[in-house]
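Worksheet: the structure to be examined is printed underneath.
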Amino acid sequence: MLQIQDNMDILSNLTSRFPTFLLTGIPGLESAQAWISIPFCCLYAIALSGNSMILLVISTQHSLHEPMYYFLSMLSATDLGLTLSTMSTTLGIFWFNANEVSLDSCIVQMFFLHGFSVMESGVLVSMAFDRYVAICDPLRYTTILTNSRIIQMGLLVIIRAVVLIVPLLVLLKPLSFCRMNTLSHSYCYHPDVIKLACSDTQANSICGLVDLILTTGIDTPCIVLSYTFIIYSVLSIASPEERYKVFNTCVSHMGAVAIFYIPMISLSLVHRYGRSAPKVVHSMMANVYLLLPPVLNPIIYSVKTKQIRKAILNFLTK
């Protein structure tokens, strides 16, 4: 009986219901973190300034008050949210070696991080629908995508993110965690946190799988289906010049889809199957997943979309 009590005491000393997690910068390069912070600061600055500029020109230029650009402003807003959700902890590690974070702070960060990720996926689906209607049913474009319907689609994207993410995070509160809680990234990432739990996480895994099915599992086929109809419609156009012109309006969105889903799927595969991979691989993949879309989306749309490029140049010259 005494032995059992001793074992229970040892177990209680090794686990905690109110843990402190240790965030990780770039493994193996701790001594150079101050220098590593320079490119990170540049990337954060590009993401913040680029997406803010997109939002500014769309809101101030009446010529851009069209469905396509409303959806682009939603994309820029979610990219800003993604950037801000991890910037404080990432730069805090590089500048001040502030790598400790409580479970409650972790949950708050994951709410915004995963919430904005789900929103971005939903916005990309909305943009694919916008391109489908513009190319396949152009005569009804303005009657289908009215301002009220665009607002409804935006609210649906937000509501879906909240409904899916909140239960996932609420299920973290009852878990017990081992004392040594070192995370793989410079921010709290749900699959990373779950791996450190000492109690049963079956409910968390099921909820995470349901969320994955209801986001990527639905959004990806919807985007693929939209582009299947778009390609079929474009190929039916007789003029090669007109065909190129129509398809060129989709290039920016296709780029945004690629730079969002490819790093996300790669990071998920690394977490699930790459446990033997070096820690630096996990860290770099995690940073690419969150920094690549906010940095590249404004650049892609500014370069490939003539109206956005012209509006930005007009704004800067004035």
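Remember, predicted model here, so these are calculated numbers, not experimental data.
By the side-chain hydrogen bond (donor to acceptor under 3.5 Å, both in side chains) test, Q307 pairs with Y69, sequence neighbours left out. With sequence neighbours left out, the side-chain contact (heavy atoms from CB on, under 4.5 Å) criterion links S186 to T90, I93, N287. Residues that satisfy the side-chain contact (heavy atoms from CB on, under 4.5 Å) test with A47, not counting sequence neighbours, are N51, T83, P294, V295. In this view, D104 and K173 satisfy the salt bridge (Lys or Arg N to Asp or Glu O under 4.0 Å) rule, not counting sequence neighbours. Y44 meets the ring-ring contact (aromatic ring centres under 6.0 Å, His included) test with no other residue; sequence neighbours excluded. Residues satisfying the side-chain hydrogen bond (donor to acceptor under 3.5 Å, both in side chains) test with T201, not counting sequence neighbours, are none. Residues that satisfy the salt bridge (Lys or Arg N to Asp or Glu O under 4.0 Å) test with D219, not counting sequence neighbours, are R160. Judged as a side-chain contact (heavy atoms from CB on, under 4.5 Å), and not counting sequence neighbours, the contacts of F247 are I231, V234, M254. Residues meeting the side-chain contact (heavy atoms from CB on, under 4.5 Å) test with V257, sequence neighbours left out: L124, I223, H253, Y261.
Contacts classified as salt bridge (Lys or Arg N to Asp or Glu O under 4.0 Å) and involving residues 77-89 (residues at least two apart or in different chains) are not found. Contacts classified as salt bridge (Lys or Arg N to Asp or Glu O under 4.0 Å) and involving residues 129-145 (residues at least two apart or in different chains) are given here: D137-R140.
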Using atom types as modelled, flag every donor-acceptor pair under 3.5 Å from a side chain in residues 211-218 to any protein atom, sequence neighbours excluded.
from : atom 1 : to   : atom 2 : distance (Å)
T215 : OG1    : D211 : O      : 2.7
T215 : OG1    : L212 : O      : 3.3

